[in-house]
There are 2 protein chains.
Amino acid sequence: MPPDGAAEAIARLLVKLRLRDRVTEHEASVLRGAIDRIVDHPAGQVLVSEGAPLTFSILLIDGFVARFKDLAEGQRQITELHVAGDFVDLHGYLLKRLEHSICALTPVRIAIVPHAALTAITESEPHLTRMLWLSTQMDAAIQRERILSLGRRTAVARVAHVICELFHRLKIIGMVDGTSFALPITQVDLADATGLTPVHVNRMLGRLRNERLLTFRGGIAQIHDLAGLEERAEFDPAYLFMSAARR
Amino acid sequence: MPPDGAAEAIARLLVKLRLRDRVTEHEASVLRGAIDRIVDHPAGQVLVSEGAPLTFSILLIDGFVARFKDLAEGQRQITELHVAGDFVDLHGYLLKRLEHSICALTPVRIAIVPHAALTAITESEPHLTRMLWLSTQMDAAIQRERILSLGRRTAVARVAHVICELFHRLKIIGMVDGTSFALPITQVDLADATGLTPVHVNRMLGRLRNERLLTFRGGIAQIHDLAGLEERAEFDPAYLFMSAARR
DNA sequence: CGTTAAATTGAAGATCGTCAACCAAGGTGG
DNA sequence: CCACCTTGGTTGACGATCTTCAATTTAACG
């Protein structure tokens, strides 16, 4: 018997999976049944520590979460931002431990999915297994786009790009209100995601504001000109794999 | 009946998988049987184009291959380098098309694995399926480390880091001779991998040479001081998941 | 030998980081 | 109710890293 909230937890994940392939009602209920419990954590909490042995994976129900790695001199790099409905460390099921940590950027609600339940799925639900595998690969595609950003985009474009990405990812799960969305994270977080300093992120946000493309203030991102912002970022949503597979 | 060379093609992949978990002889032969044919390509050849529908995946038998993405102004970013034994686009099996391209950096020999064969594996070989899934996740871990490099490491460290990574990845498949290994790619390729300009890569290689850490010349990387090089790069091989899972 | 791709070097400049100060908002306790 | 503190945001001056542009050398190969 799945705990209260399991249906809601799975709902947003299903939205994303169903953009790519059919998920039967049976499969959906198997997913719901894989949830052991639902837990809340405050902002700043480290949910998974680098190197720790894992026995369950985390499905994000609400809030924002980041995967990050640290360097010696206190430098931090966020490798991926997660939104509601993301299977934040499904890859931990395969890897058994992670080479990065995971922390809550805001207060979060998460669903705990034991690895044993995932193994059961792989034993009896080949199609659902492929869908879960696919979801880890959509994740990897986002990472590749981040590599491109960090390697070859200018600072303004990087900042513009993260915002565009979050806009699209939040939109499909219904968390965008017209042209604005809640993004209750700090400029320091944005800096860690874009590989810049907080000071420079601040300036780039100022520039985007002056260009009437975007205002990010008080945890709200307000996009004034989506086409313009996407052009500034050289943003092409293809890497999000949000449209049906072409065959 | 697997084609000639299938055994060799699978051998190096098995080496890597077996660092993490047991692979039975039966599973190994299933993998060999999944190979449809073996093909050679010259250096520079584009093996997979961004966006093209895919019906098979590529296992690299010999040579060096890169995944890359382009930006408008002719800027190129390599998201990952591949060595012999890498399942270069296994993720294409799930995604059905890629958001990046793949090209041969050197002459290559590749094995073609039809997606139908992979589906058959997922239907009847749950454990092997998990191992293949794992292999795509080890891949993603390498991408995350690249994100860290591009976001937070200095130019010297980035260059040093790629070399360290390739050293370790090549070592486990027996392609390192003592302290040196063949890396027949250009400084332009290194620049595309590290998010730098070829000019600056050249200077950083010069610096590493002056510091008696590394000489890269004529397609051969010669490491003079591995510990020193790794320290310069803040390199920690944990992300390669080459040791047994701790439980 | 001539031709081409790759590597190397120098000079100049842009982007981004560092350091440091200051401001704004929100919460806390006296 | 308001001083105080903390966190996050903003701004300016300066400097380092890396890029750009351009020329030159080296190596590989027919």
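Chain naming here is simple, since letters A, B, ... match the order of the sequence lines and numbering starts at 1 in each. Quantities reported herein were computed from a predicted structural model and do not represent experimental measurements.
- With a 6.0 Å radius and a threshold of 12 heavy atoms from other residues, nucleotides or ligands, A/Gln222 has its CD atom above the threshold.
- Within the model, atoms CG of A/Leu196 and CG of A/Leu150 stand 8.0 Å from one another, a figure rounded to the nearest 0.5 Å.
- Take A/Glu145 and apply the side chain to side chain donor-acceptor pair (under 3.5 Å) test, not counting sequence neighbours, and it matches A/Arg153, A/His161, B/Lys69.
- By the neighbour-count criterion of 12 heavy atoms within 6.0 Å, atom CZ of B/Arg109 is sparsely surrounded, having that number or fewer from other residues, nucleotides or ligands.
- Nearest heavy atoms, B/Ala160 versus B/Leu229: CB-CD1, 3.8 Å.
- Qualifying salt bridge (charged side-chain N to carboxylate O under 4.0 Å, His left out) partners for A/Asp177, counting only residues two or more places apart in sequence or in other chains: none.
- For the pairing with A/Pro237, the side chain to side chain contact (heavy atoms under 4.5 Å, CB included) check across A/Phe241, A/Tyr239, A/Phe235 returns one residue only, A/Phe235.
- Between its opening and closing five pairs, the helix from C/dC1-D/dG30 to C/dG30-D/dC1 changes axis direction by 30°, a value rounded to 10 degrees.
- Less than 4.0 Å separates DNA chain D from at least one heavy atom of each of the following residues of residues 144-157 of chain B: B/Thr154, B/Ala155.
- Partners of B/Pro107 by side-chain contact (heavy atoms from CB on, under 4.5 Å), not counting sequence neighbours, listed by chain and number: B/Ala43.
- For B/Asp192, the salt bridge (charged side-chain N to carboxylate O under 4.0 Å, His left out) test picks out A/Arg152, with sequence neighbours left out.
- Between A/Phe181 and A/Phe167, the two ring planes are tilted [angle within 30° to 60°].
- Within residues 63-74 of chain B, no residue is approached by DNA chain D to less than 4.0 Å at the level of any non-hydrogen atom.
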Anything under 3.5 Å between a protein N or O and an N or O of nucleotides 6-10 of chain D, put it in a table, one pair a line.
unit_1: D/dG9; atom_1: OP2; unit_2: A/Gln187; atom_2: N; d: 2.9
unit_1: D/dT10; atom_1: OP2; unit_2: A/Gln187; atom_2: NE2; d: 2.7
unit_1: D/dT10; atom_1: OP2; unit_2: A/Asn202; atom_2: ND2; d: 2.5
unit_1: D/dT10; atom_1: O5'; unit_2: A/Asn202; atom_2: ND2; d: 3.2

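- Residues A/Leu59 and A/Ile10 are in side-chain contact: their nearest non-hydrogen atoms beyond the backbone lie under 4.5 Å apart.
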N/O donor to acceptor pairs below 3.5 angstrom from side-chain atoms of residues 211-221 of chain A, sequence neighbours left out:
unit_1: A/Glu211; atom_1: OE1; unit_2: A/Arg232; atom_2: NE; d: 2.7
unit_1: A/Glu211; atom_1: OE2; unit_2: A/Arg232; atom_2: NH2; d: 2.9
unit_1: A/Thr215; atom_1: OG1; unit_2: A/His224; atom_2: NE2; d: 2.5

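- In this structure, A/His200 atom NE2 and D/dT17 atom P are separated by 17 Å, rounded to whole Å.
- Residues satisfying the salt bridge (charged side-chain N to carboxylate O under 4.0 Å, His left out) test with B/Asp70, not counting sequence neighbours, are B/Arg76.
- Along DNA chain C, read 5' to 3', the first and last nucleotides having any atom under 4.0 Å from a heavy atom of chain A are C/dC16 to C/dC19.
- One distance of note links CD of B/Gln143 with CD of A/Glu80; it measures 10.0 Å at 0.5 Å rounding.
- Whole-Å rounding puts the B/Arg203 CZ to D/dC18 P distance at 12 Å.
- For B/Asp236, there are no salt bridge (charged side-chain N to carboxylate O under 4.0 Å, His left out) partners at least two apart in sequence or on another chain.
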